[in-house]
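Note: hydrogens, waters and symmetry copies are ignored here, and every other heavy atom, side chains too, is used.
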Amino acid sequence: MKNTLILMSKNQDETFNMDTGLYTTPGWTLSEKKLSNLIGSKVALTTRSNERSYLGGTIVGFIPAERTSSRKRFDVVFKPESKFVNNKVTRSVEFNGNPVQYL
């Protein structure tokens with residue numbers, strides 16, 4: 001079973017491409033080993049720990065982001081699905097300084 005990627009985005013700064021119908025989130029520090037396994041998985045975006053998601057969908061790809069630190073970052077590209085709006089995360093997610101979690 002594939003993981004659901006949970007991203008905590010306080011700024012809600014993802015972009016929507018009207019031509020493709022896809023959202024792109026700005027750079028996240030994600031394991032390159034996990035990236036290929038996440039294609040086709042679900043992603044849910046939330047603003048804080050233990051909050052309902054405000055957006056989400058199916059991951060269709062990743063784009064290398066501009067480096068803002070010594071760690072490599074990736075933009076997450078996903079097809080939105082309405083069932084991820086106001087969706088309750090199925091377990092208590094404590095981010096502890098890391099805005100990326102897997103369920």
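- Under the salt bridge (Lys or Arg N to Asp or Glu O under 4.0 Å) criterion, Lys79 pairs with no residue, sequence neighbours left out.
- Hydrophobic clustering, defined by side-chain heavy atoms of Ile, Leu, Val, Met, Phe, Trp and Tyr closer than 4.5 Å, groups Val77 together with Leu22, Val60, Ile63.
- Judged as a ring pair (Phe, Tyr, Trp, His ring centres under 6.0 Å), and not counting sequence neighbours, Phe74 has no contacts.
- The side chain to side chain contact (heavy atoms under 4.5 Å, CB included) search around Asn17 returns Asp19, Thr20, not counting sequence neighbours.
- Closest heavy-atom contact between Pro80 and Gly21: CD-O, 3.2 Å.
- In this structure, the side chains of Gln12 and Leu45 stay at 4.5 Å or more apart for every pair of heavy atoms.
- Both Leu55 and Trp28 are members of a single hydrophobic cluster when ILVMFWY side chains are connected at heavy-atom separations under 4.5 Å.
- Every residue two or more places apart in sequence or in another chain that forms a side-chain hydrogen bond (donor to acceptor under 3.5 Å, both in side chains) with Glu81 is listed here: Lys42, Thr58.
- Taking CG of Asp75 as the reference point, atom OG1 of Thr25 lies at 6.0 Å (rounded to 0.5 Å).
- Under the side chain to side chain contact (heavy atoms under 4.5 Å, CB included) rule, Ser41 has a single partner from Val43, Ile39, Leu38, which is Leu38.
- Side-chain contact between Val76 and Leu30: present, with at least one pair of heavy atoms (C-beta onward) separated by less than 4.5 Å.
- For Tyr54, the ring pair (Phe, Tyr, Trp, His ring centres under 6.0 Å) test picks out no residue, with sequence neighbours left out.
- Atoms CG and CG, from Leu5 and Asn37 in turn, are 12.5 Å apart once rounded to the nearest 0.5 Å.
- With sequence neighbours left out, Asp13 forms a side chain to side chain contact (heavy atoms under 4.5 Å, CB included) with Ser9, Asn11, Pro26.
- Screening residues 5-25 for ring pair (Phe, Tyr, Trp, His ring centres under 6.0 Å) gives Phe16-Tyr23, Tyr23-Phe78 as the qualifying pairs, with residues at least two apart or on separate chains.
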